[in-house]
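See structure below.
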Amino acid sequence: MQNYLELLNPAQREAVISTEGPSLVIAGAGSGKTRVLTYRIAHLLKNGVPPWNILALTFTNKAAREMKERIATVVGSKVAAHLWMGTFHSIFARILRIEAQHINFPKNFTIYDTADSKSLIKSILKEMKLAEKEYKPGDVLSRISSAKNDLVLPHTYARDQHRIMADKAARKPLIHDIYNRYMRACMKSGAMDFDDLLLNTNLLFRDHPEVLANYQEQFRYILVDEYQDTNVSQYLIIRKLADKYKNVCVVGDDAQSIYSFRGAKIENILNFRNDYPGYQLFKLEQNYRSTQTIVNAANSLIAKNKGQIPKKVFSNKSEGNPIKIMQAFSDVEEGFLVVNDLKNKLLEFSCQYEDFAILYRTNAQSRIFEDVLRKNNIPYKIYGGLSFYQRKEIKDLLAYFRMIINSNDSEALKRIINFPARGIGKTTLEKLEATAAHNGVSIWEVLVHPELSKLGFNAGTLKKLGGFVALIREFQAKSFNLDAFQLASEVVSQSGILKELHQDNTPESQSRIENIDELLNAIKDFSDSRKESGQENSITLFLEEVSLLTDQDNDKAEDKNKVTLMTIHSAKGLEFRNVYIVGMEEDLFPSGRVSESESGLEEERRLFYVAITRAEEHAVLSFAKRRFKYGDMTYVRASRFLGELDPSYIEMTGDTIQQNQATDNFGSANQRFGKSFEKQPAFTPKKFNFSESINKNPEKKPLFSENAFTNAFDIKIGMSVQHERFGIGEVTSLEGTGSNVKATVLFSNAGEKQLLLKFAKLKILN
DNA sequence: CGGACGATCCTTTTT
DNA sequence: GGATCGTCCG
């Protein structure tokens, strides 16, 4: 790997070797951005810059990990290990722990996730006697988050006419008050939410110039990936840190800015020239990923946006196949069309499962594709939704660890004070919470206060509370002698969690036990690898790692060679030979919430651009005519974005059931498609078309057959059926009529279950 | 106090 | 279609 410079094109090479002074790298989709970042860092190291003088900030942990591995192949893993490389959140959490004493936080502060934050907001609403209907915790949190990302503290918020007016207009005039209480409560709990990690870093640097000076000196070279998605808070951290040496290299693509909803400012990249005069500009315009058709189609789309950094992304690869658009009558049929097309490509182009991705705008769309893939025995992995670390039993166990490390963490306490059930109910907890809020202390401090007995609890309750305190203290005492894994095992057995789960012997509790085992294994792996590398191995470090994980970071070995299902947002940075972009409908993509504003629409368009440019060989777009929304079947229109792609790159596949209806299907969107689009035959006689492929595979089930789905009416007494969770069983009785038929099934492993056929996805065996 | 069972709201996107 | 929340009853 010594000649890494030879692996680069001229533009990439310039970006790698121009290490001094500010640099802006505009990297078109698929243009080798990661390669440039990787080799730039390797180049610095090769030229004698110590790794601890380099700060590299990425968007996901996974990106950081992969880049570190690639750098290690050039300079060795010992050197690479000393790089400061990670997400903004993980790097600055680490720094905040080191500098905690300066900002009035304990070193062992907890990191609240969104669920913790919402739960805290609910408590505050209760205390303020505000209705949750008026002040939805999620909405309140996003207002607070947006303020924090703009570095607006509560007292400034209260005087910020803009925000106050907006809140009044939204009939939530008291947000500033909630925000204030929220901040105080976090402080009492010794907790920071995600935004606080960045906000407090800013406050640390603002109020402690000597601390800032140290880090400026340390981080002589700063690299930032996905710069177009940084928010004000992140932007200012970079500016401060880079202020001394100005060796800052930011990489990004304004055309791929898709996170404004969480405070990202595309202006950060657009204004780089003003912030760092004398900067060098590098443009990476050759796309190595996709066919010319895909690149050109994507260009034709993004050209509809205004105010971009001029660039001309091109591909030297083959022309490739046209982008296919498929229309379906319903969301379910869309699932079949996509999976059928996938199966054809699998054979036609000798693809692996891992060569496919199904991308959607919202997580809720995944279910239908999961069903169809499962029925076709196609392995898939799904990102998003409930991740492992958000499952109840996992969060409960982690809450014990949090209490051990930081007993002032009131959200953790609320989770476990009565889990497993120890007779401390809602009333008791409410009283404790109110007392804590009234006295400005954490719940734990109330519990351990000598005058607890004067609060009017009865003797039984007092005893139970005392038992809980003793339990936590016992764990704390043990935590000094045990490693992370030993302590975790101790908690699982001594807290009564395991006993409780073993007692109610249901399939659910069984799967919970399995999850807990999995967590213990993860902790063991963590402990062992830490021990091997001679590093500290405390539960604190494990928690730190876990609380900043995303489900993208949980790549497992068994997840190799599977079809990928994810939102377009999480697909950023990835690539696949074949990409399906599904649900191309108005009010879904573009989302109805934003398509009224021009800037919102432009962001949706960038999102579509990101989606298309994930594809190396084939991009397939699909939409349905009818779709279930909120449990109702609704009629929907094709997305306006379909008409914005240059029609010369598109192939339509028609409506295979009733061709004469195909044209109506576009509704108003049809007018936007323009003449050339309309002229396309509704049913292109090409080789991947749909009806032919059915004929080609006569052994396969016809796509539109009712039989493809288990029909509730088909299930009869005595049948042998399979359930996703409960396994195989026999139907012993049926009751009810119509869609409400309830079956009693005797499962060989799970015992007898009553199942509503419309919900339980029973597969008929034999 | 805790579990079971309806009503209700919902849907962007995520560190 | 489903998650969460509130209410009711044991």
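First the proteins, then the strands, lettered A, B, ... as listed; each starts at 1.
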Separation of atom [atom1] in [X] from atom [atom2] in [N], rounded to whole Å:
| X | N | atom1 | atom2 | value |
| --- | --- | --- | --- | --- |
| A:D632 | B:dC10 | CG | C1' | 12 Å |
| A:D587 | B:dC10 | CG | P | 16 Å |
| A:Y389 | B:dT14 | OH | P | 19 Å |
| A:D193 | B:dT14 | CG | P | 18 Å |
| A:D371 | C:dG2 | CG | P | 9 Å |
| A:I417 | B:dG2 | CD1 | C1' | 16 Å |
| A:Q228 | B:dT13 | CD | P | 20 Å |
| A:K629 | B:dC10 | NZ | P | 15 Å |

Does [X] have a side-chain nitrogen or oxygen under 4.0 Å from the phosphate oxygens OP1 or OP2 of [N]?
| X | N | answer |
| --- | --- | --- |
| A:S591 | B:dT13 | no |
| A:N149 | B:dT15 | no |
| A:N363 | B:dT11 | no |

* **Results of side chain to side chain donor-acceptor pair (under 3.5 Å) for A:D254 - residues two or more places apart only** => A:K311
Kindly give the atom pairs (protein nitrogen or oxygen, nucleotide nitrogen or oxygen) under 3.5 Å for nucleotides 5-10 of chain C.
residue : atom : partner : partner atom : Å
C:dC5   : OP1  : A:K122  : NZ           : 2.4

Tell me, please, which residues at least two apart from [X] pass side chain to side chain contact (heavy atoms under 4.5 Å, CB included).
| X | answer |
| --- | --- |
| A:S330 | A:V332, A:E333, A:R626 |
| A:L151 | A:L199, A:N202, A:S233, A:L236 |
| A:T362 | A:A364, A:Q365, A:L588 |

Which part of the nucleic acid, if any, lies within contact of [X], taking any heavy atom under 4.0 Å across all strands shown: a base, the sugar-phosphate backbone alone, or nothing?
| X | answer |
| --- | --- |
| A:F589 | nothing |
| A:T114 | base |
| A:N418 | sugar-phosphate |
| A:K136 | sugar-phosphate |

* To do: Could you check whether A:F59 and the base of B:dT15 form a stacked pair, meaning centres closer than 5.5 Å and planes differing by less than 30°?
  => no
Given [options], which nucleotide is nearest the side-chain atoms of [X]?
| X | options | value |
| --- | --- | --- |
| A:R367 | B:dT14, C:dG1, B:dT11 | C:dG1 |
| A:S570 | B:dT14, B:dC9, B:dC1 | B:dT14 |
| A:R593 | B:dG2, B:dT14, B:dT11 | B:dT11 |

Only counting residues at least two apart or in another chain, list the ones meeting salt bridge (Lys or Arg N to Asp or Glu O under 4.0 Å) with [X].
| X | value |
| --- | --- |
| A:E99 | none |
| A:K33 | A:D225, A:E226 |
| A:D396 | A:K392, A:R415 |

* Structure fact -> Closest to the 5' end of DNA chain B, once A:R422 and A:H89 are matched to their nearest nucleotides, is A:R422
* Structure fact -> Between A:A364 and A:L198, the residue closer to the 5' end of DNA chain B by nearest nucleotide is A:A364
Polar atom pairs between nucleotides 3-8 of chain B and protein, under 3.5 Å, N or O only, would you list them?
none

* **Carboxylate-amine/guanidinium proximity below 4.0 Å for A:R640 and A:E586** => yes
* Any sub-3.5 Å donor-acceptor pair from A:D196's side-chain atoms to A:D193's backbone N or O? -> yes
* **Donor-acceptor pair between A:T114 and A:S117 side chains, under 3.5 angstrom** => no
